[in-house]
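Structure first, then comments.
Residues: numbered from 1 along the sequence shown.
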Amino acid sequence: MIVNINDRAPTDIIKFMCLKPGEELAERYKIIDRLGQGGFAVTYKAEYLQNPAKLPCAIKEIPFPQSENPLVLERARNRFQREASALHLLGKDSRIPELFDRFEENGHFYLVQEYVQGTPLTQELTQGQQWNETQTIAFLREILEILSFIHKANIVHRDITPSNLIRRTQNRKIVLIDFGSVKEISTLTSNSTGEILTSQAIGTKGYMPAEQYNPRSVPQPYNDIYAVGIIAIQALTGRRPTNLPQDPDTCEIIWDYSTSDRRMLQISDGLRNILNKMVRFHFQQRYQSATEVLEALDSPPPPQQPDFIELPIQFVRQHLRPLLFGFTGLAAVLAIVLLIPKIPPLVPRFQPQQPLTASSADGVSSGEKLLVQTSALWSKQRGINEFADANYPEALKLLKQSWREDRKDPETLIYINNALLEAINAEYYTIAIVVPIRRNQDGSILNANLAEELLRGIGQAQTEVNLGILPANDSNKDFPGQGFLEPKAIKGKGLKVIIADDGNIKSYAKQRANYLVTQPNILAVIGHYTSDMTVETVDIYNRNKLVAISPGSTTEELTRKPRKYFFRTAPTTSIEAEALVNQLLKVGQKRVAAFYNPNSPFSASLWEEFKQQFESAGGTTFRSSNYYDLSKNNFNAEAAIKEVEKNPKTALLLIPDGQVTNSLENAIEMIKANDDRNWIVAPWTLYEPRTLELAKQLKSVKKLGVSVFWHPLISFDKKFPLNAQKLWGGPVNTRSALTYDATKTLIKALEMQPEPSREGMQKTLAAPNFKAEGATGIIEFDSKTGNRKNPPKGVAHIVSCAREKFGLTFVPIEFPTAVAAGLKCD
């Protein structure tokens with residue numbers, strides 16, 4: 001079935017053929033009965049008229065997607081053919097129904113499969129009936145073997161439920177039916193921008209994990225592992241998953257406990273731990289493959305621990321809390337504890353969950369994992385799976401196909417480059433980049449814009465290098481960048497890029513850094529982006545003698561204690577403050593109210609530098625006693641503006657952090673509440689599409705200045721913005737340019753060394769004669785601080801331009817209009 005997250009409009013209701021017994025389909029199938037109907041597919045039992053044996057078959061009917069965009073149906077047809085081909089291959093195994101036929105008729109797709117004689121597992125999992133451990137382990141082994149098989153074929157089922165597990169009458173073996181990937185075809189739609197996407201989440205309530213409720217999430221093996229774990233727990237407890245309680249603090253399912261009318265389950269600690277890990281709320285804490293679970297089942301049990309009395313949190317709250325009220329109750333509890341000293345305090349089976357953690361290698365990939373899980377194409381996912389299996393030629397082919405379908409995806413381009421290097425057995429150097437992918441608590445992506453902007457910069461520079469070693473043959477004619485990017489290998493060698501995601505979470509950032517420094521092939525790291533993450537990790541890189549060059553960390557805190565192995569292509573906050581101060585003085589502003597995040601190294605540093613420079617120039621600065629902290633969840637923009645306006649002619653300085661908190665969103669609300677009444681200046685963190693989207697709603701945005709370190713109109717390297725436009729199908733911004741420059745800097749350092757090494761990278765970059773050319777200018781470093789010499793600085797403002805997405809765009813403030821900037825906006 002399909003879980004309908006957002007109700008469809010009445011005009012978007014799916015229409016089935018509703019075939020009746022005796023009717024013929026495609027002049028060769030005779031309907032016998034209807035087997036079942038879900039939200040987006042109907043299954044019939046039918047007879048194949050041309051088969052003398054008259055053996056029944058199962059026919060699945062999937063309606064065409066409901067969309068006026070013809071590309072949606074074209075995508076659906078392609079998807080249907082791919083999924084049918086995959087099912088045909090899987091069906092050669094007796095554990096998957098064999099696929100006999102596929103066709104279209106009357107606005108519907110049809111799959112004709114083997115009709116499995118047997119009974120669904122629902123008949124074995126009746127309410128109140130419990131399996132023993134032996135039965136449960138046998139079930140787990142059987143279904144996990146099936147999962148291991150289909151996952152190796154790059155297929156994720158996504159709707160494993162007891163009703164989709166059929167036990168054959170003939171041999172009592174389980175058969176897995178009703179793959180969710182096929183049903184997804186009818187959910188395809190397109191949004192207002194023409195993007196084709198899935199409108200509904202696939203799965204069944206109770207059996208689908210939290211991350212699967214996001215229709216844009218890419219299917220992963222751990223989705224199926226969760227479902228199988230839930231079914232095993234249902235078998236052991238005799239309770240449907242929707243009837244199992246959840247811990248309100250951790251969202252973990254509570255299933256292993258006893259009450260006055262229910263005994264504790266008699267299972268081993270080994271099985272208990274395996275099931276707990278299979279159904280963890282956070283996907284990163286689950287087993288990542290069926291093979292891992294099978295290995296855990298085969299592992300010897302751990303040494304037996306002392307017995308504990310363990311109860312769920314809810315039971316403790318409901319049954320013990322009343323006993324603790326009053327002296328008598330407390331005395332009774334103390335007496336029990338004193339009389340039975342060997343029994344430890346009552347504790348829940350599930351302890352309050354620690355913050356989401358991951359092993360050091362998680363969130364790191366050179367092509368074998370999907371990190372930016374926003375709207376990845378199936379060809380990309382399959383390419384990644386082939387990469388993980390070391391089938392690099394096939395991975396390269398599939399990833400190039402994905403690039404053609406969605407060429408704005410920088411992760412895909414980096415993986416294409418890495419697959420090429422392995423496919424042609426090229427020699428190469430390796431660097432890494434750490435980017436922030438912001439996530440929700442359930443693991444789904446909240447915002448990947450920052451990560452993608454940074455990856456565009458390194459992806460473009462990497463492609464320039466690898467074009468220089470690209471074999472000239474027909475299979476490589478479609479390699480990205482050919483014909484306009486200048487091929488330039490590094491001493492005849494290529495460049496491999498490893499991507500790491502720090503999530504803008506300090507614990508993650510340290511995990512990634514500690515992992516990257518242990519990889520001897522990595523010669524340098526680009527990152528981290530935000531000052532907060534760099535402050536947390538800079539000493540890890542420095543101790544391990546691995547160069548870290550940041551394209552975004554500007555805080556002066558990194559300069560106060562210089563690190564030998566730290567460099568940056570972005571200017572420091574003192575440079576950024578200078579540009580903002582000069583802008584306010586230019587427009588006659590003498591009084592400024594500041595709003596920032598006092599706990600952010602970047603935000604606090606920029607406020608400190610701005611305050612010092614503005615007051616030295618004769619201005620006055622202050623911060624509100626109640627509303628200055630932009631990072632507060634209850635920040636009130638309207639109230640903050642009212643307090644500022646108690647003093648006439650007061651400008652605003654907004655300094656949100658690098659999207660570590662909600663301060664950026666609060667700063668945008670400040671711009672909205674101000675409504676262009678007072679002058680506002682802000683750092684480059686507000687050089688954002690969201691700022692333009694808000695500005696579109698306002699009558700005027702003439703009093704807003706945002707610092708900028710690069711812009712296509714003032715690019716030092718004139719070819720860079722033109723090439724970027726061709727490569728990505730649109731313009732890039734400052735973050736991409738600074739990351740491109742960081743990559744070009746490392747490439748130059750590699751070229752200058754006879755035998756590149758980690759220590760050699762540091763010595764080369766710190767040398768007084770080192771120079772690299774990039775999009776933002778000549779790159780040189782202060783050997784003592786790692787700061788960039790003569791860094792770029794400037795201010796941008798918003799002007800009208802009808803051709804741009806929101807009818808607005810940023811241009812350097814020296815250009816009063818789009819026409820003056822030379823833009824074609826008509």
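- When side chains are defined from C-beta on, Leu371 counts as touching Tyr415, because their heavy atoms get closer than 4.5 Å.
- Put simply, the side chain of Gln212 gets close to the backbone of Ile202: a donor and an acceptor are under 3.5 Å apart.
- Distance CG/Asn78 to CD/Glu83: 11.5 Å, rounded to 0.5 Å.
- Aromatic ring orientation, Phe139 versus Trp131: perpendicular (interplanar angle above 60°, classes split at 30° and 60°).
- For the pair Arg512 and Tyr508, the cation sits on the ring face: its NZ or CZ lies under 6.0 Å from the ring centre, inside 45° of the axis.
- In this structure, the side chain of Ser299 engages the main chain of Glu295 through a donor-acceptor pair within 3.5 Å.
- At least one side-chain heavy atom of Gln220 sits less than 4.5 Å from a side-chain heavy atom of Gln381.
- In this structure, Tyr515 and Val364 have side chains that are in contact, with non-hydrogen atoms separated by less than 4.5 Å.
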Residues Glu252, Arg280; criterion salt bridge (charged side-chain N to carboxylate O under 4.0 Å, His left out); working and verdict | CA-CA 6 Å; Glu252 300 289 359; Arg280 283 296 185 199; 3.6 Å; yes

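- Contact check for Val497 versus Asn417: no side-chain heavy atoms found under the 4.5 Å cut-off.
- Considering only heavy atoms from C-beta on, Ile267 stays 4.5 Å or farther from Thr136 through its side chain.
- Other residues, nucleotides and ligands place more than 12 heavy atoms under 6.0 Å from the NZ atom of Lys400.
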Inset, instruction - Go through the steps to decide whether Asn514 and Gln511 satisfy the test side chain to side chain contact (heavy atoms under 4.5 Å, CB included), and finish with yes or no. - result: CA-CA 5 Å; Asn514 280 316; Gln511 285 176 351; 5.9 Å; no

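- At a threshold of 4.0 Å, the pair Glu98-Lys92 does not count as salt-bridged, since none of the basic side-chain nitrogens sits closer than that to a carboxylate oxygen.
- To the nearest 0.5 Å, atom OG1 of residue Thr237 and atom CG of residue Leu244 are 5.0 Å apart.
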Practice item. Test Glu104 against Arg77 for salt bridge (charged side-chain N to carboxylate O under 4.0 Å, His left out), laying out the working first. Key: CA-CA 9 Å; Glu104 294 180 24; Arg77 283 197 170 103; 2.9 Å; yes

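- Between Pro97 and Ile177, the shortest heavy-atom contact is CG-CG2, 3.5 Å.
- Side-chain polar atoms of Ser366 and Glu368 form a donor-acceptor pair below 3.5 angstrom.
- The nearest pair of heavy atoms linking Leu413 to Gly459 is CD2-O, 3.8 Å.
- Annotation: cation-pi pair Arg95/Phe149 present, NZ/CZ under 6.0 Å from the ring centroid and within 45° of its normal.
- One distance of note links CZ of Arg382 with CG of Asn154; it measures 6.5 Å at 0.5 Å rounding.
- Smallest separation of non-hydrogen atoms from Leu90 and Ile96: O-CB, 3.6 Å.
- Taking 4.0 Å as the cut-off between side-chain N and carboxylate O, Glu114 and Arg168 count as a salt-bridged pair.
- The pair Lys397-Glu386 fails the salt-bridge criterion, with no side-chain N (NZ, NE, NH1 or NH2) lying under 4.0 Å from an Asp/Glu carboxylate O.
- Distance alone, capped at 3.5 Å, places no donor-acceptor pair between the Ser148 side chain and the Leu144 backbone.
- A donor-acceptor pair is defined here as one N or O able to donate and one able to accept, closer than 3.5 Å; such a pair exists between the side chain of Glu142 and the backbone of Ile174.
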### Step-by-step salt bridge (charged side-chain N to carboxylate O under 4.0 Å, His left out) determination, Asp298 to Arg141
CA-CA 10 Å; Asp298 291 333; Arg141 289 188 189 281; 2.7 Å; yes

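- Under 4.0 Å is where a charged nitrogen must lie from a carboxylate oxygen, and between Asp409 and Lys380 at least one such pair does.
- A salt bridge links Arg167 and Glu124; the closest N-O separation between the charged side-chain nitrogens and carboxylate oxygens is under 4.0 Å.
- Looking only at distances, no side-chain donor or acceptor of His157 sits under 3.5 Å from a matching main-chain atom of Leu176.
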Kindly determine whether Ile414 and Ile499 satisfy side chain to side chain contact (heavy atoms under 4.5 Å, CB included), including the steps that lead there.
-> CA-CA 9 Å; Ile414 291 169; Ile499 306 172; 4.0 Å; yes

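- Side-chain contact between Ile253 and Asn276 is absent, with no heavy-atom pair separated by less than 4.5 Å.
- Counted by atom type alone, Ser268 and Glu133 present one or more donor-acceptor pairs between their side chains at under 3.5 Å.
- The existence of a salt bridge linking Lys60 and Asp178 is confirmed by a sub-4.0 Å separation between a basic side-chain nitrogen and an acidic carboxylate oxygen.
- Shortest non-hydrogen contact noted between Ile155 and Ala86 is CD1-CB, 3.6 Å.
- Separating the CG atom in Leu450 from the CD atom in Glu452 is a distance of 10.0 Å, to the nearest 0.5 Å.
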task = Begin with the C-alpha distance, continue with both residues' side-chain angles, and end with the deciding distance and a verdict on ring-ring contact (aromatic ring centres under 6.0 Å, His included) for Tyr222 and Tyr287.
result = CA-CA 6 Å; Tyr222 49 68; Tyr287 293 103; over 10 Å; no

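- Although no hydrogens or angles enter the test, the distance criterion places a donor-acceptor pair under 3.5 Å between the side chain of Asn273 and the main chain of Asp269.
- In Arg404, the CZ atom is crowded: over 12 heavy atoms of neighbouring residues, nucleotides or ligands sit closer than 6.0 Å.
- The backbone N or O of Asn391 sits nowhere less than 3.5 Å from a side-chain atom of Glu394 that would complete a donor-acceptor pair.
- By the 30° and 60° cut-offs, the orientation of the rings of Tyr110 relative to Phe103 is parallel.
- For the atom pair OH of Tyr44 and CD1 of Ile59, the computed distance is 9.5 Å after rounding to the nearest 0.5 Å.
- For the 3.5 Å distance criterion, the side chains of Ser163 and Thr161 qualify, holding a donor opposite an acceptor.
- Looking at Tyr48 and Val112, their side chains never come closer than 4.5 Å, going by heavy atoms from C-beta outward.
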Query raised in the report: What's the verdict on side chain to side chain contact (heavy atoms under 4.5 Å, CB included) for Lys173 and Ser94, showing C-alpha distance, side-chain angles and the deciding distance?
Result: CA-CA 9 Å; Lys173 297 295 185 182; Ser94 62; over 6 Å; no

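- Shown here for Gln288 and Ile225, the closest heavy-atom pair between the two residues is C-CD1, 4.0 Å.
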task = Apply side chain to side chain contact (heavy atoms under 4.5 Å, CB included) to the pair Ile230 and Met278, showing each step before the final yes or no.
result = CA-CA 8 Å; Ile230 288 293; Met278 290 179 75; over 6 Å; no

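- Rounding to the nearest 0.5 Å places CG of Leu396 at 6.0 Å from CG of Leu420.
- His108 and Pro63 make their closest contact through CD2-CA, 3.5 Å (heavy atoms, listed as atom of the first residue, atom of the second, distance).
- Between Arg286 and Glu211, at least one side-chain nitrogen of the basic residue sits less than 4.0 Å from a carboxylate oxygen of the acidic one, meeting the salt-bridge criterion.
- Taking 4.0 Å as the cut-off between side-chain N and carboxylate O, Glu422 and Lys496 count as a salt-bridged pair.
- Side-chain contact between Thr189 and Pro65 is absent, with no heavy-atom pair separated by less than 4.5 Å.
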